[in-house]
Engineer: 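This is the structure I have questions about; it appears just below.
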Amino acid sequence: LNLFSLYLFGPPIRAVLSNEWPWTLLMVTVALIIGYARKKWSAAEMLAGHLSSDLTRLREELESRRSDLERLHELSVNLSSSLEPQRLLKNLLEAIAALQKTDLAMLLLLPEPAGKRLQVETSAGFTPEQIALFGDIPVSAFPMRRRLLIEDIEASGGNLPFAGAANAIGIRAVFSSPIINSRNESLGTVVTFFRKPHTPSDRQSRLVELYTRQAANALDNARLYRDSIETLAAEQHRTAVLRSLSEASVQINSVFSLDSLLQVITNQARKIIGARQAFTTLLPSGDWGQSLSYTSVADGQLAMQFPSERSETFMLACSFN
């Protein structure tokens, strides 16, 4: 306003306006301060908006990780609560398929460490006829030490061993993760199939790797448990046989007549072997005409006809001594 008045009225007004310049400078200074503060306020609002977006993203990521940990914990509990390999592997495959949001999955194991073929241990979403389309799956079809991702089978142009089966079933993408135990031994691989071109996220890939590690440890525990049960059963059987032999020895040494001796031997042999019937034949000097025969039958069983001296049973016994 001062500048406009000076321009409009000319020099006569200068004396009047000379006292207004300090106020003009003050108003300009206040205006500049307000503008600078407003600029800072806008910058602070933008920063707060960015921080709010980052906070929302971090909350979502934390919620996702919490959900992942809950799934991993639930899977670990399920794997630890079962020592049956088939059920264990079925739970693992269902968890991985649910994680990657697919209905087609397959778990392949090596029957032996140096095997050349993979065996379909369990599957999800496949019929027996569809599994038969894969045929014999060579070890080279899936890496045993690293992950494999084929985003689009049709676009890859690779000569896959299961390309025919994939085309017949309508599979477009494949992802596999090896199963490696704590001794760094490859036990097999988990393969998930997708009906459309697909790329799993890094989070899903890491979780599948964690799942397979848990499964490898649980599978080792199940196999150790099975081996220990088999060893225990074998030792119990051996102990029972030794006890039966001891009892048979006592009874054999407690009889003095030939008839009683042969009958005791027949009874004890049947019990030790676990047969329903047993026959014993003694040939004095190899003379069939003077043979002595004895039979032992388990309780509740009907006696079978005693085999003749010319039967295959006697011929085998004599030929093998």
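Computed over heavy atoms, backbone and side chain alike; hydrogens, waters and symmetry mates excluded. Because the structure is a prediction, the values reported are computed rather than measured.
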Engineer: Does one side chain, of T266 or T280, offer a donor that lies under 3.5 Å from an acceptor on the other?
Structural biologist: yes

Engineer: Please enumerate all residues that pass salt bridge (charged side-chain N to carboxylate O under 4.0 Å, His left out) together with E94, with sequence neighbours excluded.
Structural biologist: none

Engineer: To the nearest 0.5 Å, what is the distance between OG1 on T189 and CG on L109?
Structural biologist: 9.5 Å

Engineer: What about M106 and M144, same hydrophobic cluster or not, with Ile/Leu/Val/Met/Phe/Trp/Tyr joined at side-chain heavy-atom distances under 4.5 Å?
Structural biologist: yes

Engineer: Counting N and O atoms only, with roles assigned by atom type, does the side chain of K196 sit under 3.5 Å from a partner on the main chain of I171, one being a donor and the other an acceptor?
Structural biologist: no

Engineer: To the nearest 0.5 angstrom, please state how far the OG atom of S319 sits from the CD atom of E312.
Structural biologist: 11.0 Å

Engineer: Applying side chain to side chain contact (heavy atoms under 4.5 Å, CB included) to F175 and V208, what does each step give before you reach the verdict?
Structural biologist: CA-CA 10 Å; F175 176 83; V208 170; 4.1 Å; yes

Engineer: Is a side-chain N or O of S254 found less than 3.5 angstrom from the main chain of Q251, in a donor-acceptor match?
Structural biologist: yes

Engineer: Say whether L187 and L210 are linked into one hydrophobic cluster, either directly or through other cluster members, by side-chain heavy-atom distances under 4.5 angstrom.
Structural biologist: yes

Engineer: Taking atom OG1 of T295 and atom CD of Q263, what is their separation to the nearest 0.5 Å?
Structural biologist: 7.5 Å

Engineer: Say you draw a straight line from OG1 of T212 to CD1 of I180; how long is it, rounded to the nearest 0.5 Å?
Structural biologist: 7.5 Å

Engineer: When clusters are formed from ILVMFWY side-chain contacts under 4.5 Å, directly or step by step, what else is grouped with M46?
Structural biologist: none

Engineer: Less than 3.5 Å apart, which donor and acceptor atoms pair up between the side chains of residues 236-249 and the rest of the protein, not counting sequence neighbours?
Structural biologist:
residue : atom : partner : partner atom : Å
T239    : OG1  : E235    : O            : 2.8
S244    : OG   : A240    : O            : 2.9
S249    : OG   : N253    : ND2          : 3.4

Engineer: Under 3.5 Å, is there a donor on one side chain and an acceptor on the other for Y294 and N267?
Structural biologist: no

Engineer: Quick check: closest heavy atoms across P138 and L118, and the distance to 0.1 Å?
Structural biologist: O-CD1, 3.9 Å

Engineer: So, for H198 and A173, which heavy atoms are closest and what is the spacing to 0.1 Å?
Structural biologist: N-CB, 3.6 Å

Engineer: Please report the interatomic distance CZ(R172) to CG(D152), rounded to the nearest 0.5 Å.
Structural biologist: 4.0 Å

Engineer: Are I252 and I272 linked, directly or through intermediate hydrophobic residues, by side-chain heavy-atom contacts shorter than 4.5 Å (ILVMFWY only)?
Structural biologist: no

Engineer: Is it the case that the side chain of T102 and the backbone of F194 share a donor-acceptor pair, with hydrogens and angles ignored and the cut-off at 3.5 Å?
Structural biologist: no

Engineer: Could you state whether L292 and V255 fall into the same hydrophobic cluster, counting links through intermediate Ile, Leu, Val, Met, Phe, Trp or Tyr residues with side-chain heavy atoms under 4.5 angstrom apart?
Structural biologist: no

Engineer: Mind checking whether I179 and L107 have side chains closer than 4.5 Å, heavy atoms only?
Structural biologist: yes

Engineer: Are F193 and L148 connected in a single hydrophobic cluster, I mean Ile/Leu/Val/Met/Phe/Trp/Tyr linked by side-chain heavy atoms less than 4.5 Å apart?
Structural biologist: yes

Engineer: Have a look at I169 and tell me which of L133, T127, I131 forms a side-chain contact (heavy atoms from CB on, under 4.5 Å) with it.
Structural biologist: L133

Engineer: Go through it in stages, so that I can follow the logic: the residues are L282 and L262, the test is side chain to side chain contact (heavy atoms under 4.5 Å, CB included), and I'd like the CA-CA distance, side-chain angles, deciding distance and then a yes or no.
Structural biologist: CA-CA 8 Å; L282 178 66; L262 293 177; 4.0 Å; yes

Engineer: State the OG1-CG distance between T231 and D227, to the nearest 0.5 angstrom.
Structural biologist: 6.5 Å

Engineer: Might you work through the side chain to side chain contact (heavy atoms under 4.5 Å, CB included) test for D103 and R195, ending with a clear yes or no?
Structural biologist: CA-CA 9 Å; D103 59 335; R195 302 183 188 276; 3.2 Å; yes

Engineer: Around R213, counting heavy atoms of other residues, nucleotides and ligands shown, do more than 12 lie under 6.0 Å from its CZ?
Structural biologist: no

Engineer: Work out which heavy atom in L93 is nearest to a heavy atom in A105; give both atom names and the distance.
Structural biologist: CD1-CB, 3.6 Å

Engineer: Which heavy atom in Q130 sits nearest to a heavy atom in F134, and how many Å separate them?
Structural biologist: O-CD1, 3.4 Å

Engineer: What closest approach, in Å, do P143 and P178 show between heavy atoms, and which atom pair accounts for it?
Structural biologist: O-CB, 4.1 Å

Engineer: Is there a side chain to side chain contact (heavy atoms under 4.5 Å, CB included) between L108 and V120? Walk through the geometry before answering.
Structural biologist: CA-CA 5 Å; L108 309 174; V120 180; 3.5 Å; yes

Engineer: Decide if atom CZ of R276 counts as having more than 12 heavy atoms of other residues, nucleotides or ligands within a radius under 6.0 Å.
Structural biologist: no

Engineer: Quick one, E151 and P197 - any side-chain contact, counting heavy atoms below 4.5 Å?
Structural biologist: no

Engineer: For the residue pair F142 and F162, categorise the inter-ring angle as parallel (less than 30°), tilted (30 to 60°) or perpendicular (more than 60°).
Structural biologist: parallel

Engineer: Tell me the closest heavy-atom pair linking Q277 and V297, and the distance in Å.
Structural biologist: OE1-CG2, 3.8 Å

